[in-house]
Chemist: 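Okay, handing you the structure first.
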Amino acid sequence: METMQTAAQEAPQTAKKRFALRRPRLPRKRWARFALLAAALLAVYLLFLRPSGDPGAGAVGPYTADTVQRRDLTVAVSGTGTVTPIDSYQLRALAAGEVLEAPFEVGDRVEKGQLLYRLDAKNAEMSIAQAELSLRQAQKNYDDLAANLTVSASAPGVVQQVLVQKGDLVGPGTPVAEVADTSTLTVTLPFHTADARGIRPGQSAEVTIAGTLETLPGTVESVSSAELVGAGGALVRQVKIRVENPGALTSANAATAQVGDIACAGGANFEENLRQTVTAQASGEVTDIPVTAGSQVYAGSALAILGGPSAQSSLEDAAISLENARLTLQQAQDVLENYTITAPIDGTVIEKNVKAGDKVDGIDSGALAVIYDLSYLKLEMNISELDLSKLREGQEVDITADAIPGEVFTGTVDRISINGTTTNGFTTYPATILLEEYGGLNPGMNVSADIIVERTEGALSVPAAAVQRGDTVLVPLEGCLAPDGTVADPSRSEERTVTLGGSDGTYVEITSGLEEGETVLVPALADAAMGGAVS
């Protein structure tokens, strides 16, 4: 019976123990959430629900006392990101071929324009040579056609006859005009063979014009070596004598001559120095004839101008062919440039994937090498639209990295973009931060950044949790604090309105309303919750 009573007495205790063992324990994260929830409820009560007016009205709940003192406050906008080089470039081939040169190694410092790769360019060079020949041919065709639309004299002379009229349609080979050079005349006279043997080219001669018997000085131009049968059966040789035309002689005039004491054996008519029939070399309509019969012309003088739709169409076709040849050559030259690959930026080689002797297949070969410009590192950080107005270019930035604990790097805000990104109704803007002195930081490291908006040294401040709705604080009155400084009766306090300055999130600057050394009340639960949340 005694045993049964003992068991009955122990049964409830055992049940309690078993219940305690079965009761689940809340995870630490849930305790933290409860702490934050309690702090939020307390803040709502203090800011919106607690009555105000009388000194200490509604000052309930646990408080701690804090002294108004001077502190160094730093207002910052914080964020995270990954540091990258100020510039980077992946070299890629735009041509295919064997790598002949690759005079660099990983770690080398290279300058913009420095040769990094040279590929075998035989095929490209041959294409350029062919393109140059095609261009020369197209240029010649155009120049010839353009020149042939002007029918020109090939030598100086006098226009004897114009053979076309304006509006005539002509083609290659159509006679346009006859031109003769009568400034110099020649006469070919027979001399007895025995006499001709004593005559030499260059000798002076005296030429007598038939009918007028006027004499002109002349010069022996040539003596024929062939013998002919002259008048009366005598053997003669032909002697050609040149005279300057005084202006009136034509091929209708005849003459005799005497060389020294030797007289010719017969007379002959003058011959013009040059007579030509100028023909058209292109098709077209005669649009202008700038000469008439008797006009003095020189080599290159225009005799007729060709034009009309047919000629213009041919000229335009030739111009198109010429321009196409130029573009083909330019394209071939541009392709040749792809066989020489140079550094696009100043920087350091961090990868070399292709060496001399390897073959590349254009863009499909991937990155031949990678270059980083490490003169600066940069950080792209997203800024909340609420903080955007606080930022300016040139602001100082404190940067830390978990990979390098205990070290703070200094950067500068370089640029703030206004090209924002909106997600779920919230907009952020990218800010670029530059680091010139970055020590052991390497590209790709994750960092935290604090953009310093304002630094205030020796600012009169209180804990941010001490400030209540309406920018008021609770100042203890007599009997509020116990001798040991703890808060004994928070209701014995008064509300005091203060003017706030900047805040670093933990403390807030007081610009008026409190004096250094005064005491304020800080809600203990809010303070503890904030401490727990931070930890």
Side-chain angles (χ1 to χ4, degrees), residues 132-188 201-202 207 216-222 240-253 269-326 329:
E132 288 175 341
L133 290 176
S134 297
L135 177 60
R136 288 172 57 188
Q137 184 62 57
Q139 185 70 61
K140 182 178 183 301
N141 292 341
Y142 178 83
D143 292 344
D144 288 348
L145 180 57
N148 290 337
L149 293 180
T150 300
V151 183
S152 305
S154 59
V158 176
V159 176
Q160 305 297 308
Q161 185 178 6
V162 177
L163 304 175
V164 294
Q165 296 179 350
K166 285 185 180 181
D168 288 352
L169 296 177
V170 300
T174 301
V176 174
E178 289 186 0
V179 177
D181 181 3
T182 58
S183 60
T184 302
L185 301 176
T186 58
V187 59
T188 303
V207 178
L216 297 173
T219 302
V220 175
E221 194 169 89
S222 63
K240 190 174 184 179
I241 300 173
R242 184 180 68 252
V243 297
E244 296 295 327
N245 190 350
L249 296 179
T250 67
S251 58
N253 296 111
N269 282 47
F270 285 108
E271 298 175 359
E272 296 147 346
N273 184 44
L274 174 66
R275 176 176 283 271
Q276 63 171 338
T277 300
V278 181
T279 61
Q281 301 299 314
S283 298
E285 177 185 342
V286 178
T287 58
D288 189 22
I289 302 175
V291 296
T292 59
S295 297
Q296 181 76 36
V297 295
Y298 303 92
S301 294
L303 303 179
I305 306 298
L306 304 184
S310 176
Q312 290 302 317
S313 178
S314 298
L315 191 61
E316 288 178 6
D317 289 343
I320 291 172
S321 297
L322 176 59
E323 184 61 25
N324 185 60
R326 285 199 185 104
L329 176 59

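This one's a predicted model, so the numbers in the text were calculated from it and none came from an experiment.
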Chemist: Could you check whether atom CZ of Phe270 has more than 12 heavy atoms from other residues, nucleotides or ligands sitting under 6.0 Å from it?
Modeler: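 Counting other residues, nucleotides and ligands, CZ of Phe270 exceeds 12 neighbours.
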
Chemist: Quick one: closest heavy-atom pair of Ala177 and Leu303, and the distance?
Modeler: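 Result for this residue pair: CB-CD1, 4.2 Å.
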
Chemist: Does Asn141 offer a backbone N or O that forms a donor-acceptor pair with the side chain of Asp144 under 3.5 Å?
Modeler: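 Such a contact is absent between Asp144 side chain and Asn141 backbone.
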
Chemist: Output the distance between atom CD1 (Ile305) and atom OG (Ser152), rounded to the nearest 0.5 Å.
Modeler: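 Output value for this atom pair is 7.0 Å.
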
Chemist: Going through the distances and angles, do Ser134 and Glu132 end up as a side chain to side chain donor-acceptor pair (under 3.5 Å)?
Modeler: CA-CA 5 Å; Ser134 297; Glu132 288 175 341; over 6 Å; no

Chemist: What's the shortest heavy-atom distance between Ser321 and Ala138, and which atoms?
Modeler: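 Minimum heavy-atom contact is O-CB, 3.9 Å.
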
Chemist: How about CZ on Arg275, more than 12 heavy atoms from neighbouring residues, nucleotides or ligands closer than 6.0 Å, or not?
Modeler: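 Check passes, neighbour count above 12.
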
Chemist: Could you walk me through whether Val243 and Val187 pass the side-chain contact (heavy atoms from CB on, under 4.5 Å) check?
Modeler: CA-CA 8 Å; Val243 297; Val187 59; 5.6 Å; no

Chemist: To the nearest 0.5 Å, tell me how far Thr182 OG1 sits from Asn273 CG.
Modeler: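 The CG atom of Asn273 is 9.5 Å from OG1 of Thr182, to the nearest 0.5 Å.
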
Chemist: Using atom types as modelled and distance alone, determine if a side-chain donor or acceptor of Ser313 lies under 3.5 Å from a backbone N or O of Ser310.
Modeler: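 No, Ser313 side chain to Ser310 backbone: no donor-acceptor pair under 3.5 Å.
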
Chemist: Hey, does Val176 have a side-chain heavy atom less than 4.5 Å from the side chain of Leu163?
Modeler: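 Counting from C-beta outward, Leu163 and Val176 never come under 4.5 Å.
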
Chemist: Distance from Thr184 atom OG1 to Asn245 atom CG, nearest 0.5 Å?
Modeler: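 That separation rounds to 8.0 Å.
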
Chemist: For Lys166 versus Asp288, what's the shortest heavy-atom pair and its separation?
Modeler: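 Taking Lys166 first and Asp288 second, the nearest heavy atoms are CE-OD1, 3.7 Å.
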
Chemist: So, the side chain of Thr219 versus the backbone of Arg242: is there a donor-acceptor pair under 3.5 Å, distance only?
Modeler: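 Checked: no pair found.
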
Chemist: Side chains of Ser154 and Gln276: do they bring a donor and an acceptor to under 3.5 Å?
Modeler: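 Distance-only check passes for Ser154 and Gln276.
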
Chemist: Do you know the tightest heavy-atom contact between Ala280 and Gly171?
Modeler: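 Minimum heavy-atom contact is CB-O, 3.5 Å.
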
Chemist: Using 0.5 Å steps for rounding, measure from the CD1 atom of Ile241 to the OG1 atom of Thr188.
Modeler: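 The OG1 atom of Thr188 is 8.5 Å from CD1 of Ile241, to the nearest 0.5 Å.
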
Chemist: As an exercise, state the distance from OG1 of Thr186 to CD of Glu272, rounded to the nearest 0.5 Å.
Modeler: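 Rounded to the nearest 0.5 Å, the OG1-CD separation comes out at 9.5 Å.
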
Chemist: Is there a side-chain contact between Glu244 and Leu216, using heavy atoms and a 4.5 Å cut-off?
Modeler: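 Of all side-chain heavy-atom pairs linking Leu216 with Glu244, none is under 4.5 Å.
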
Chemist: Closer than 3.5 angstrom, by distance alone: can the side chain of Asp168 be matched with the main-chain N or O of Val286 as a donor-acceptor pair?
Modeler: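 Not a single qualifying donor-acceptor pair exists.
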
Chemist: What closest approach, in Å, do Ala153 and Val297 show between heavy atoms, and which atom pair accounts for it?
Modeler: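 Looking at all heavy atoms of both residues, the shortest contact is CB-CG2, 4.1 Å.
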
Chemist: Do you know which two heavy atoms are closest between Ala311 and Leu149, and how far apart they sit?
Modeler: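 Taking Ala311 first and Leu149 second, the nearest heavy atoms are CB-CD2, 3.7 Å.
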
Chemist: Are Glu323 and Ile320 close enough that some pair of their side-chain heavy atoms sits under 4.5 Å apart?
Modeler: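 With C-beta onward as the side chain, the pair stays apart.
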
Chemist: Could you tell me if Glu316 and Ser314 have a donor-acceptor pair between their side chains, going purely by distance under 3.5 Å?
Modeler: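 No, because no side-chain N or O of Ser314 sits under 3.5 Å from a partner of the opposite role on Glu316.
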
Chemist: What is the distance from atom CZ of Arg136 to atom CG of Leu329, rounded to the nearest 0.5 Å?
Modeler: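 That separation rounds to 12.0 Å.
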
Chemist: Are Val278 and Val151 side-chain neighbours, meaning at least one heavy-atom pair lies under 4.5 Å?
Modeler: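 In short, these two side chains touch, coming nearer than 4.5 Å.
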
